[in-house]
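Working notes, structure below.
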Amino acid sequence: MRSLFHQHSHFRWMALIRFAAPGILTFQCSHFDEVRKMLSQFKQAQVVNLQGTSLTVVQVAAIARRPDVKVRLDKVVAHDRVSKSAKWVSEKIAPGTADKTTDLQTELIRFLNAGVIGKEFLPTSYSKIAMLVRTNTLMQGYSGIRWEVLEGMSKLMNENLIPKMPLRGTVTASGDAVVLSFVAGLLTGRHNSQVMTPEGDVITSLKALKRAGIPAPFELQAKEGLALVNGTAVGSAVAATVCFDANILALLSEVLSALFCEVMHGNSEFTDPLTHELKHHPGQIEAAAIMEFLLDESDYMKQAEIKNKENPLTKPKQDRYVLRTSPQWLGPQIEVIRMATHSIEREINSVNDNPMVDVSRDLALNGGNFQGTPIRVSMDNLRFSLAAIGKLMFAQFSNWFAITTTMVCHQI
């Protein structure tokens with residue numbers, strides 16, 4: 001079986017995967033190219049440069065799984081707009097009420113710190129990327145939070161000092177408020193804040209802040225508590241890592257289907273490009289093309305062809321559905337996974353708190369971007385697609401096992 005990754009430039013079918021009839025959704029590049037790029041970027045990542053609108057699912061996965069990857073705030077791009085937003089909020093506070101607004105932020109975080117952290121808590125890698133995605137959102141300058149708070153979050157991430165967060169609590173509902181409040185709890189030095197160190201120890205928030213080079217806990221100003229907690233960062237961050245894995249598994253399923261054809265001495269006719277061009281679906285076209293590429297020049301397929309010519313009655317004229325229709329089965333699942341990935345990538349770069357500060361128009365906008373519906377819909381669709389891929393893999397393995405077992409029994 002030929003290598004996909006070392007001979008990708010020889011794919012004669014690259015034009016086919018961009019083929020689509022009028023009105024049919026197309027993608028900018030092949031899924032194979034997307035996955036290849038994902039794996040390359042994941043491996044090469046050293047620093048994730050946050051600007052507010054350019055974060056990728058690969059970068060989220062890299063921060064989650066590679067503690068050596070650092071986070072950098074792009075000051076040139078974002079500092080001015082973030083500062084203007086915070087200044088706008090401070091100027092709108094009525095004279096003599098500053099202390100009350102600070103107290104309100106403190107009470108908001110205390111009230112939301114109602115999550116239960118026992119033996120089970122959100123994995124530290126997920127907590128870290130929730131901080132990453134939330135920081136990215138706040139970099140856009142619509143949230144009324146000071147730059148210094150964002151710097152504090154980046155310092156904690158770079159030292160891998162991550163707050164324990166509850167496993168359950170308002171995720172993708174009315175914002176991820178309960179869970180994200182534990183980030184705010186760390187930043188403000190709350191007594192109940194528990195922080196995981198890179199060594200696996202649990203320390204207090206005050207010790208964590210000191211270790212990260214933050215001299216004192218933050219006193220949250222007006223709107224800042226709300227800016228930290230009212231958003232979709234937990235759900236979208238976890239979804240980003242799921243999308244990263246799902247894309248790799250989808251490509252693997254195509255490779256395994258080609259391998260299944262080899263071990264079953266199947267007929268590669270089912271990968272003929274014309275069959276799939278006439279169906280028009282880009283996922284199906286690419287799935288078939290990848291299998292065709294892998295089976296071309298395969299010694300196993302050459303042996304199967306000779307064997308089938310010599311003994312044409314030893315196997316059916318047409319292979320079973322589990323092989324013959326595998327491109328038709330996998331194609332739609334891959335399209336769903338790709339669309340879900342693009343949706344989640346939009347979400348991790350979205351402004352999703354409430355209210356939003358529009359400095360240019362001198363107003364605060366009340367809305368509902370904290371709703372996690374895009375995440376829920378994308379993940380529902382993606383899990384059905386992963387289940388369908390798993391069903392095909394199980395059917396292929398079961399088919400191989402049944403035939404192999406029968407052959408062994410006959411020999412005995």
Side-chain angles (χ1 to χ4, degrees), residues 27-29 31-79 82 122-141 143 147 150-163 165 172 176 179-180 183 198 228 231-251 337-352 372 374-375 378-379 382:
F27 298 99
Q28 295 300 313
C29 66
H31 182 241
F32 170 79
D33 279 342
E34 275 191 342
V35 174
R36 185 170 179 271
K37 185 179 178 181
M38 282 180 173
L39 291 171
S40 176
Q41 290 178 343
F42 180 85
K43 183 179 179 180
Q44 296 174 10
Q46 294 180 330
V47 177
V48 172
N49 188 50
L50 291 185
Q51 296 183 336
T53 56
S54 58
L55 187 62
T56 67
V57 296
V58 180
Q59 290 173 322
V60 175
I63 291 294
R65 295 166 183 173
R66 293 185 50 200
D68 59 307
V69 179
K70 302 299 182 183
V71 177
R72 180 173 60 209
L73 308 187
D74 196 323
K75 195 169 185 177
V76 173
V77 170
H79 181 271
V82 169
L122 193 71
T124 305
S125 60
Y126 288 164
S127 299
K128 183 178 181 181
I129 55 177
M131 293 174 69
L132 174 78
V133 173
R134 194 68 202 140
T135 304
N136 188 62
T137 288
L138 300 175
M139 292 276 287
Q140 295 191 47
S143 304
W147 182 262
L150 306 187
E151 283 186 322
M153 292 173 72
S154 69
K155 288 177 181 178
L156 289 163
M157 284 187 281
N158 286 336
E159 293 297 326
N160 288 296
L161 297 168
I162 310 301
M165 296 184 185
T172 74
D176 302 340
V179 185
L180 286 173
V183 177
L228 288 169
T232 63
V234 180
S236 60
V238 175
T241 64
V242 173
C243 289
F244 178 76
D245 292 338
N247 279 277
I248 297 169
L249 289 172
L251 180 60
I337 290 170
R338 295 184 76 180
M339 286 188 285
T341 301
H342 295 167
S343 177
I344 295 302
E345 201 153 272
R346 288 192 292 271
E347 185 65 27
I348 61 177
N349 288 291
S350 69
V351 178
N352 44 67
I375 304 168
S378 296
M379 290 298 99
L382 185 141

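Only a predicted model underlies this, so the values are computations on that prediction, with no experimental measurement involved.
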Contact between [X] and [Y] at the side-chain level, heavy atoms closer than 4.5 Å - yes or no?
X: Asn136; Y: Leu132; answer: no
X: Thr241; Y: Val60; answer: yes
X: Ser154; Y: Met131; answer: no
X: Leu251; Y: Phe32; answer: yes

Verify the distance criterion only: is there a donor paired with an acceptor across the side chains of Gln41 and Thr56 at less than 3.5 Å?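 Their side chains do not contain a donor-acceptor pair, so the 3.5 Å distance test is not met.
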
One pair to check against side-chain contact (heavy atoms from CB on, under 4.5 Å): Met165 and Val183. What are the steps and the verdict? CA-CA 8 Å; Met165 296 184 185; Val183 177; 3.0 Å; yes

Residues in side chain to side chain donor-acceptor pair (under 3.5 Å) with Gln140, at least two apart?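 Scan of Gln140 (side chain to side chain donor-acceptor pair (under 3.5 Å), adjacent residues dropped) gives none.
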
Tell me every residue that passes side chain to side chain donor-acceptor pair (under 3.5 Å) with Gln44, counting only those two or more places apart in sequence or in another chain.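 So Gln44 forms a side chain to side chain donor-acceptor pair (under 3.5 Å) with Ser40.
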
State which residue, out of Met38, Glu34, Lys37, fulfils the side chain to side chain contact (heavy atoms under 4.5 Å, CB included) condition with Val58.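 Exactly one candidate clears the test, Met38.
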
Sequence neighbours excluded - ring pair (Phe, Tyr, Trp, His ring centres under 6.0 Å) pairs with any residue from residues 34-55: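 For residues 34-55: Phe42-Phe244.
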
Distance (rounded to the nearest 0.5 Å) between Ile162 CD1 and Lys128 NZ: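 So the gap between those two atoms works out to 5.5 Å.
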
CG of Asn349 to CD1 of Ile344: how many Å apart, nearest 0.5 Å?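 Result: 11.5 Å between the selected atoms.
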
